[in-house]
Number of protein chains: 2
Amino acid sequence: MMSKKCKYAIKAMVRLAANYQKGSLSTAIIAADENIPKKFLEQILLELKQAKLVNSKQGIGGGYYLLKSPNEVSMAELYRIFDGPIALVPCVSLYYYEPCDDCPDEAACYLRKEMIKVRDKTRTAMMKATLQSFLDNQKSIKQQTKRTL
Amino acid sequence: MMSKKCKYAIKAMVRLAANYQKGSLSTAIIAADENIPKKFLEQILLELKQAKLVNSKQGIGGGYYLLKSPNEVSMAELYRIFDGPIALVPCVSLYYYEPCDDCPDEAACYLRKEMIKVRDKTRTAMMKATLQSFLDNQKSIKQQTKRTL
DNA sequence: ACATTGTCTACCAAATTTGTAGAATATTAT
DNA sequence: ATAATATTCTACAAATTTGGTAGACAATGT
């Protein structure tokens, strides 16, 4: 499971993506719109700034804005920032590699091959899930509810 | 990431799979072979028994043995027992469904579609990773080290 | 000057993880 | 019978992670 922090980050990023190149959004607005505790969201947005995914402006009319195009930011990237490795075991992680402490000889590990397969499938799917794809979903959902009215 | 408990469970199950229909193995032996804290492993094996994946015999010569064929038990099943949902968010979990508490209207959630895709890819890969596939890996690794000698 | 908004650090409660401890129970060999 | 072996069951606990809150401070626009 993904942490709430990570899910909040995704929702905040989608909100910023919807506002891409249209100025900045305040934490308060994003928090209210997306149902995220404001003070918690502040920390999250700071981390996103450190990761160079967003930038901010202080003062009245200030807030956060996306630095990259919505199709350049994926769930995989956000997951790694907030929840760490996508891999199920550290010894097959691409970005957070560590030897497993219960594993005396990595080359002899009969788990790795399947762990790598799982990682790759998950990773690919998570990389395909870009902010843009979320925006597209949002749009098509809105279209659908409009039709049913 | 997978919990250590789950990883231990997989290793223990592979060990039992290697001994399938050849009698029972004691906790002590499995713990020593697979580098798992014995007392912790006891708890794990009890949970596996409750899940009807293994059975046990007490007393001298006793221990645990696999109830199902090695190709009938997958990593997906073990993951669910020890780490819960494979899905990244509760609202797309097949076995542990729950509404997300930050989500007012599930039908309007623009995250679900991609979350379902990720879940399905991960799930499929985890279901393909059966105890038998681990045994096969183990065998081919042993063959390989034999050739390099 | 003042209201607004982000920045930074510290703190905190609850849950989860990763075990350990020990007594009780069942089984088997002698 | 009894000793040895092995599972069963319950409780406990330290360390880490999660999901936040609080408050002082800094920057910015009007």
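Lettering of chains follows the sequences in order, A, B, ..., and the numbering in each one begins at 1. Nothing here was measured: the structure is a model prediction, and the numbers come from that model. Note: hydrogens, waters and symmetry copies are ignored here, and every other heavy atom, side chains too, is used.
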For this session: Please list all pairs passing the salt bridge (Lys or Arg N to Asp or Glu O under 4.0 Å) test where one or both residues lie in residues 7-24 of chain B, with sequence neighbours left out.
Result: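 Every pair satisfying salt bridge (Lys or Arg N to Asp or Glu O under 4.0 Å) with a residue in residues 7-24 of chain B: A:Asp102-B:Lys7, A:Asp102-B:Lys11, B:Arg15-B:Asp33.
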Exercise. Which salt bridge (Lys or Arg N to Asp or Glu O under 4.0 Å) pairs, counting each pair once, include a residue from residues 139-149 of chain B, with sequence neighbours left out?
Worked result: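 Output for this query is empty, none listed.
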For this session: Produce a footprint string for nucleotides 25-30 of chain C: one letter per nucleotide, 5' end first; B if the base is under 4.0 Å from any protein heavy atom, S if only the sugar-phosphate is, - if neither.
Result: BBBB--
Seminar exercise, completed: Protein-proximity profile, nucleotides 11-21 of chain C, B/S/- by nucleotide at the 4.0 Å heavy-atom cutoff, equals -------SBBB
Between [X] ([atom1]) and [N] ([atom2]), how many Å, whole number?
X: A:Gln50; N: C:dC8; atom1: CD; atom2: P; answer: 7 Å
X: A:Asn35; N: D:dG19; atom1: CG; atom2: P; answer: 15 Å
X: B:Asp102; N: D:dT18; atom1: CG; atom2: C1'; answer: 15 Å
X: A:Asn55; N: C:dT5; atom1: CG; atom2: P; answer: 17 Å
X: A:Lys7; N: D:dT18; atom1: NZ; atom2: P; answer: 16 Å
X: B:Ile30; N: D:dA6; atom1: CD1; atom2: P; answer: 12 Å
X: B:Leu46; N: D:dT10; atom1: CG; atom2: P; answer: 10 Å

Problem set entry | Contact list for residues 75-84 of chain B, test side-chain hydrogen bond (donor to acceptor under 3.5 Å, both in side chains), sequence neighbours left out |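 Listed by first then second residue: B:Ser3-B:Asp83.
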Identify, with sequence neighbours excluded, every residue that meets side-chain hydrogen bond (donor to acceptor under 3.5 Å, both in side chains) alongside [X].
X: A:Tyr95; result: none
X: A:Lys57; result: none
X: B:Lys117; result: none
X: A:Ser140; result: none

For this session: Mind checking the CG-SG spacing from A:Leu111 to A:Cys91? Nearest 0.5 Å is all I need.
Result: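 A:Leu111 atom CG to A:Cys91 atom SG measures 8.0 Å (nearest 0.5 Å).
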Exercise. With sequence neighbours left out, what residues match B:Tyr8 under ring pair (Phe, Tyr, Trp, His ring centres under 6.0 Å)?
Worked result: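 By the ring pair (Phe, Tyr, Trp, His ring centres under 6.0 Å) rule, B:Tyr8 matches B:Phe40.
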Problem set entry | For B:Ile60, the rest of its hydrophobic cluster, which grows through side-chain links under 4.5 angstrom |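 Direct or chained contacts put B:Ile60 with none.
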Exercise. Looking at B:Tyr64, does any N or O in its side chain come under 4.0 Å of the phosphate oxygens OP1/OP2 on D:dT8?
Worked result: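 True: B:Tyr64 side-chain N/O within range (under 4.0 Å) of D:dT8 OP1/OP2.
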For this session: Please state whether the phosphate of C:dT7, meaning OP1 or OP2, lies under 4.0 angstrom from any side-chain nitrogen or oxygen of A:Ser56.
Result: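 Yes.
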Problem set entry | Those residues of residues 9-27 of chain A lying under 4.0 Å from DNA chain C by at least one heavy atom |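 When residues 9-27 of chain A is checked for heavy atoms under 4.0 Å from DNA chain C, the hits, listed by number, are A:Leu25, A:Ser26, A:Thr27.
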Exercise. Can you find a side-chain donor-acceptor pair between B:Thr130 and B:Ser74 that sits under 3.5 Å?
Worked result: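 Their side chains do not contain a donor-acceptor pair, so the 3.5 Å distance test is not met.
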